[in-house]
Enquirer: 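Take a look at the following structure, please.
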Amino acid sequence: MDYIYRTDLGNATDMTTSGHHLDDLRDRIHGEVLLPGDPAYDASRSVWNAMVDRRPRLIVRCAVVDDVVAAVRTARELGLEIGVRCGGHSVVGLAVPEDGLMIDLTPMRAVRVDPVARIARVQGGALLGVLDAAAQEHGLATTAGNVSHTGVGGLTLGGGMGWLARQHGLTCDNVLSFELVTADGSRVRASADENAELFWGLRGGGGNFGVVTDFALQLHPLTGPMLSVEVDVSIDDAEHALRDWRDLSFDAPREGTFAASIANGVAMVGFVWTGAPERGRALIPSLRSIARRPLAERITTPSYIRLQSREDTVEGHAIRRYWKGHYFRALTDDVIAGLVTGTSDPYAPAVSLQAYGGAIASVPDDATAFSHRDVAFELVAAAGWTDAAEDAERIEGARRFAAPLEPFASGAYVNVLSDEGQHGVRRAYSPAKLARLTALKDGYDPDNAFHLNHNIRPTAQSKGQ
Ligand code: FAD
């Protein structure tokens with residue numbers, strides 16, 4: 001069942017993929033062209049969310065930047081929808097176009113680290129785990145998400161939240177330059193002093209402006225063990241525990257990121273500490289005191305690499321998924337009451353909260369396209385199941401949970417949007433930023449060739465919307 005994953009802006013024509021075009025493309029590229037029936041075709045089109053089962057007309061597995069140029073030009077000539085795949089973790093599988101051309105960047109997955117300049121050069125198809133491992137070899141790191149099989153590409157272009165963000169900013173705040181292939185097949189570089197407006201838009205504006213083939217990321221020294229503290233309480237104690245946990249988070253130093261969750265009738269309150277563990281341990285007594293009747297306590301000191309991959313299995317592939325997300329400027333008592341009540345629904349999703357603030361909020365709002373730097377917490381409501389017969393109930397359950405909280409929310413994180421369409425885009429960006437992004441789109445992609453994303457529509461397509 002294609003419940004939510006149809007794309008609404010198809011521009012593919014009836015033109016068939018002629019043998020001539022295919023032979024020409026195959027001759028020109030270093031990578032591979034995959035067609036339905038080829039042995040590697042199914043593996044390449046399958047993504048994180050097992051609900052996504054779309055069949056591109058062709059997949060171009062790009063090995064070098066010129067392959068990306070050839071793929072973009074071929075798609076444009078044939079009038080095929082373009083999907084861009086890095087880690088394949090878009091919740092609704094936006095990377096995979098039905099009957100279109102998928103640009104599979106996963107062969108371009110290398111990361112090179114210059115330990116003296118503290119810069120990582122990351123190819124457009126790299127996963128977070130590769131970045132973390134390469135940087136940690138030199139005692140370095142930069143902000144990356146919490147699951148190592150997520151792609152650097154999608155995560156960075158939408159913002160990039162992780163355990164280091166309160167210290168060092170979002171991943172997009174650590175980008176020094178982007179190299180990309182734009183909608184007309186041109187190669188362009190964007191940095192603070194080259195195509196500065198594009199540089200602004202790529203830091204939060206998603207995959208709207210081109211295919212990024214290289215990210216230069218600022219690294220920071222990070223050695224020694226991290227600290228993770230989690231205290232479980234029963235759902236009956238969740239409301240007061242979450243209120244006290246929220247209050248405790250207000251004074252947290254930047255090394256501490258407060259996190260909480262509710263799943264299967266158990267609430268967890270805790271934090272992750274990315275500085276010297278002994279300083280983080282000072283927070284433990286206060287955290288303990290808010291759990292009147294703790295069910296369990298977990299205090300661990302994982303390496304950074306272990307911290308970054310500890311959720312890899314629970315957040316693994318081959319599971320059907322649906323997400324909703326909200327940003328809260330204030331996690332009021334009403335919001336806490338609403339989310340605890342909401343989890344009593346038999347089809348309620350698992351809920352997680354992560355604190356923002358610190359270095360994220362220190363970056364001036366107009367410095368990047370990423371919006372909502374003033375939020376206190378991000379909420380993700382994530383449903384996961386295996387039986388396709390449950391699709392409708394699970395999706396409705398997540399929607400039922402999230403809808404009553406929306407009036408309290410200040411917006412949504414673009415990378416957590418699923419099937420909200422333009423309503424979601426308007427939640428992700430302020431009107432002023434959306435106008436600025438639209439002007440950028442008009443300049444770089446007026447035909448909206450890159451529309452399989454949380455789409456910034458060019459003016460010509462947004463009239464009358
Ligand atoms: P893909 O599906 O490959 O790409 C998603 C979209 O990004 C594409 O449709 C395309 O528009 C664009 N894109 C990707 N690469 C490129 C490129 N090189 N050039 C141009 N466009 C590109 N987010 C956080 O901030 N922090 C987290 O801790 C976090 N954890 C997550 C954990 C899981 C298990 C999942 C599923 C998601 C998580 N996210 C997190 C959200 C994540 O940032 C988004 O899902 C993001 O889109 C994933 O990027 P990807 O490259 O893996 O996905």
Side-chain angles (χ1 to χ4, degrees), residues 7 44-50 52 54 62 65 68 71-72 81-97 100 102-106 108-109 122-129 131-132 143-165 170-172 178-183 202 204-215 257 259 272 307-317 319 321-323 325 350 352 354 356 360 370 378 380 382 384 412-418 445 449-456:
T7 51
S44 182
R45 75 183 178 91
S46 76
V47 287
W48 176 75
N49 184 346
V52 178
R54 295 200 210 97
C62 299
V65 178
V68 179
V72 170
E81 277 192 297
I82 299 173
V84 180
R85 184 203 169 120
C86 175
H89 278 41
S90 151
V91 182
V92 286
L94 288 169
V96 194
M102 184 169 105
I103 297 178
D104 181 357
L105 295 171
T106 57
M108 297 173 66
R109 55 177 176 265
V122 182
Q123 283 191 306
L127 301 186
L128 299 183
L131 167 62
D132 286 339
T143 305
N146 306 351
V147 173
S148 79
H149 45 70
T150 310
V152 175
L155 178 125
T156 306
L157 290 165
M161 175 60 188
W163 300 124
L164 297 179
L170 299 166
T171 315
C172 71
F178 301 87
E179 285 174 15
L180 67 156
V181 175
T182 54
L202 288 167
N208 274 286
F209 306 107
V211 184
V212 177
T213 53
D214 178 278
F215 299 84
T257 303
V272 165
L307 175 70
Q308 290 291 88
S309 54
R310 68 178 181 171
E311 294 175 40
D312 282 9
T313 305
V314 69
E315 294 296 346
H317 295 74
I319 294 174
R321 309 277 191 173
Y322 186 77
W323 282 13
S352 61
Q354 196 170 3
Y356 274 52
I360 305 166
F370 178 85
E378 179 194 350
V380 178
Y413 177 24
V414 70
N415 274 349
V416 173
L417 293 176
S418 55
D445 185 17
F450 299 114
H451 61 260
L452 293 180
N453 43 43
H454 299 295
N455 195 219
I456 307 295

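We count ligands from 1, going down the list as the structure has it; atoms in each ligand are counted the same way.
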Enquirer: Are any non-hydrogen side-chain atoms of Leu202 and Leu180 less than 4.5 angstrom apart?
Expert: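 Counting from C-beta outward, Leu202 and Leu180 do come under 4.5 Å.
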Enquirer: Say whether Gly151, considering both its backbone and side-chain N or O atoms, lies within less than 3.5 Å of an N or O atom on ligand 1.
Expert: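 Yes - when backbone and side-chain N and O of Gly151 are compared with those of ligand 1, one distance drops under 3.5 Å.
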Enquirer: With heavy-atom distances below 4.0 Å as the criterion, list the atoms of ligand 1 near Gly145.
Expert: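 By the 4.0 Å cutoff, the relevant atoms are 26 (N), 27 (C), 28 (O).
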Enquirer: Using heavy atoms and a threshold below 4.0 Å, how should the contact between Leu105 and ligand 1 be classified: side chain, backbone, both, or neither?
Expert: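 Within the 4.0 Å criterion, Leu105 contacts ligand 1 through side-chain atoms alone.
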Enquirer: Ignoring hydrogens, what is the shortest heavy-atom contact between Gln123 and Arg109? Give both atom names and the distance.
Expert: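 Answer, listing the atom of Gln123 first, then Arg109: OE1-N, 3.3 Å.
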Enquirer: Has ligand 1 got any nitrogen or oxygen that is less than 3.5 angstrom from a nitrogen or oxygen of Val91?
Expert: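 No; the residue has no nitrogen or oxygen that sits under 3.5 Å from a nitrogen or oxygen of the ligand.
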Enquirer: Which of the numbered atoms in ligand 1 are under 4.0 angstrom from any heavy atom belonging to Val147?
Expert: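 Answer for ligand 1: 32 (C).
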Enquirer: Please state which part of Val152 comes within less than 4.0 Å of ligand 1, counting heavy atoms only: side chain, backbone, both or neither.
Expert: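 Within the 4.0 Å criterion, Val152 makes no contact with ligand 1.
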Enquirer: May I ask you to identify the nearest protein heavy atom to atom 50 (P) of ligand 1, giving residue, atom name and distance to one decimal place in Å?
Expert: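 Its nearest protein heavy-atom neighbour is Gly87 N, 3.6 Å.
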Enquirer: So that I know where these two stand, are Phe215 and Phe178 an aromatic pair - ring centroids less than 6.0 Å apart?
Expert: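 Ring centroids of Phe215 and Phe178 are less than 6.0 Å from each other.
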Enquirer: Looking at non-hydrogen atoms alone, which of Thr213, Leu157, Ile103, Thr106 comes nearest to atom 22 (C) of ligand 1?
Expert: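 Nearest heavy atom to atom 22 (C) of ligand 1 lies in Leu157.
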Enquirer: Distance under 4.0 Å to a non-hydrogen atom of Asn146: what atoms of ligand 1 satisfy this?
Expert: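 Close to Asn146: 27 (C), 28 (O).
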Enquirer: Do any N/O atoms on Gly154 end up under 3.5 angstrom from N/O atoms on ligand 1?
Expert: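 There is such a contact, yes.
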Enquirer: What residue and atom, counting heavy atoms only, is the protein's closest point to atom 20 (C) of ligand 1, and at what distance?
Expert: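 So the nearest neighbour among protein heavy atoms is Gly210 O, 3.2 Å.
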Enquirer: Checking a contact table here: which protein heavy atom is nearest atom 31 (C) of ligand 1, and how many Å away?
Expert: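 The protein heavy atom lying closest is Thr150 OG1, 4.0 Å.
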Enquirer: Flag the pair Ile103 / Val72 as yes when at least one side-chain heavy-atom distance between them is below 4.5 Å, and no otherwise.
Expert: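 Yes, close enough: below the 4.5 Å cut-off.
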Enquirer: Contact between Gly88 and ligand 1, counting heavy atoms under 4.0 Å?
Expert: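 Per 4.0 Å heavy-atom rule, Gly88 contacts ligand 1.
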Enquirer: Tell me which protein heavy atom sits closest to atom 4 (O) of ligand 1, plus the residue, atom name and distance to 0.1 Å.
Expert: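 Going atom by atom, the protein heavy atom closest to atom 4 (O) of ligand 1 ends up being Val84 O, 4.0 Å.
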Enquirer: Among protein heavy atoms, which sits nearest to atom 41 (C) of ligand 1, and what does the distance come to when rounded to 0.1 Å?
Expert: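 Atom 41 (C) of ligand 1 sits closest to the protein heavy atom Asn415 O, 3.6 Å.
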Enquirer: Just wondering, do Val96 and Val47 contact through their side chains at under 4.5 Å, heavy atoms?
Expert: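 When only atoms from C-beta onward are counted, Val96 and Val47 do touch, with a gap below 4.5 Å.
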Enquirer: Please state whether Gly158 comes within less than 4.0 angstrom of ligand 1, counting heavy atoms only.
Expert: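 Gly158: no contact with ligand 1 (<4.0 Å).
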Enquirer: With side chains defined as the heavy atoms from C-beta onward, is the minimum distance between Arg54 and Pro97 less than 4.5 Å?
Expert: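 A side-chain contact is absent here, since even the closest heavy-atom pair is not under 4.5 Å.
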Enquirer: May I ask you to say whether Arg321 pairs ionically with Glu315, meaning some side-chain N is under 4.0 Å from a carboxylate O?
Expert: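 Salt bridge: yes.
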Enquirer: Looking at atom 45 (O) of ligand 1, what's its closest protein heavy atom, distance included?
Expert: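 That would be His89 O, 2.9 Å.
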Enquirer: Which class fits the ring pair Tyr413 and Phe370: parallel under 30°, tilted 30 to 60°, perpendicular over 60°?
Expert: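 Taking Phe370 first and then Tyr413, their aromatic rings stand perpendicular (interplane angle over 60°).
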Enquirer: Can you pull out the closest protein heavy atom to atom 29 (C) of ligand 1? Residue, atom name and distance to 0.1 Å, please.
Expert: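 Closest protein heavy atom to atom 29 (C) of ligand 1: Leu155 CD1, 4.1 Å.
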Enquirer: Run the numbers for me: atoms of ligand 1, each under 4.0 Å from some heavy atom of Gly207, listed by number.
Expert: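 Those of ligand 1 that fall under 4.0 Å from Gly207 are 11 (O), 21 (N).
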Enquirer: Can you tell if the side chain of Val65 reaches within under 4.5 Å of the side chain of Asp214, non-hydrogen atoms only?
Expert: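 No, their side chains stay 4.5 Å or more apart.
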Enquirer: Does Asn455 form a side chain to side chain donor-acceptor pair (under 3.5 Å) with Asn208? I'd like the steps, not just the answer.
Expert: CA-CA 7 Å; Asn455 195 219; Asn208 274 286; 3.0 Å; yes
Enquirer: Under 4.0 Å from a heavy atom of Trp323: give me the atoms of ligand 1 that qualify, with their elements.
Expert: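 Answer, ordered by atom number: 33 (C), 35 (C), 36 (C), 37 (C), 38 (C).
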Enquirer: Parallel, tilted or perpendicular: which fits the ring planes of His317 and His149, with parallel below 30° and perpendicular above 60°?
Expert: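 Correct class here is tilted.
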Enquirer: Side chain, backbone, both or neither: which part of Leu94 has a heavy atom under 4.0 Å from ligand 1?
Expert: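 Both backbone and side chain.
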Enquirer: Applying side chain to side chain donor-acceptor pair (under 3.5 Å) to Glu311 and Asn146, what does each step give before you reach the verdict?
Expert: CA-CA 7 Å; Glu311 294 175 40; Asn146 306 351; 4.6 Å; no
Enquirer: Using a 4.0 Å cutoff against the non-hydrogen atoms of Ser90, which atoms of ligand 1 qualify?
Expert: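 With Ser90 as reference, the close atoms of ligand 1 come out as 1 (P), 2 (O), 5 (C), 45 (O), 53 (O).
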Enquirer: Evaluate the side-chain proximity of Thr213 to Val181: yes if any heavy-atom separation is below 4.5 Å, no if none is.
Expert: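 Answer yes - side chains close enough.
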Enquirer: Between Leu307 and Trp163, is there a side-chain heavy-atom distance shorter than 4.5 Å?
Expert: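 Answer yes - side chains close enough.
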Enquirer: Right, does atom 39 (N) of ligand 1 have protein non-hydrogen atoms nearer than 4.0 Å?
Expert: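 False for atom 39 (N) of ligand 1.
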Enquirer: Show the atoms of ligand 1 that are less than 4.0 angstrom away from any heavy atom in Arg85.
Expert: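 What qualifies from ligand 1 is 3 (O).
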Enquirer: State the atoms of ligand 1, each with its element, that fall below the 4.0 Å cut-off from a heavy-atom position in Leu452.
Expert: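 Near Leu452, meaning under 4.0 Å from one of its heavy atoms, ligand 1 has 9 (O), 11 (O).
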Enquirer: What protein heavy atom sits nearest atom 25 (O) of ligand 1, and how far away is it?
Expert: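 Here the closest protein heavy atom is Tyr413 OH, 2.6 Å.
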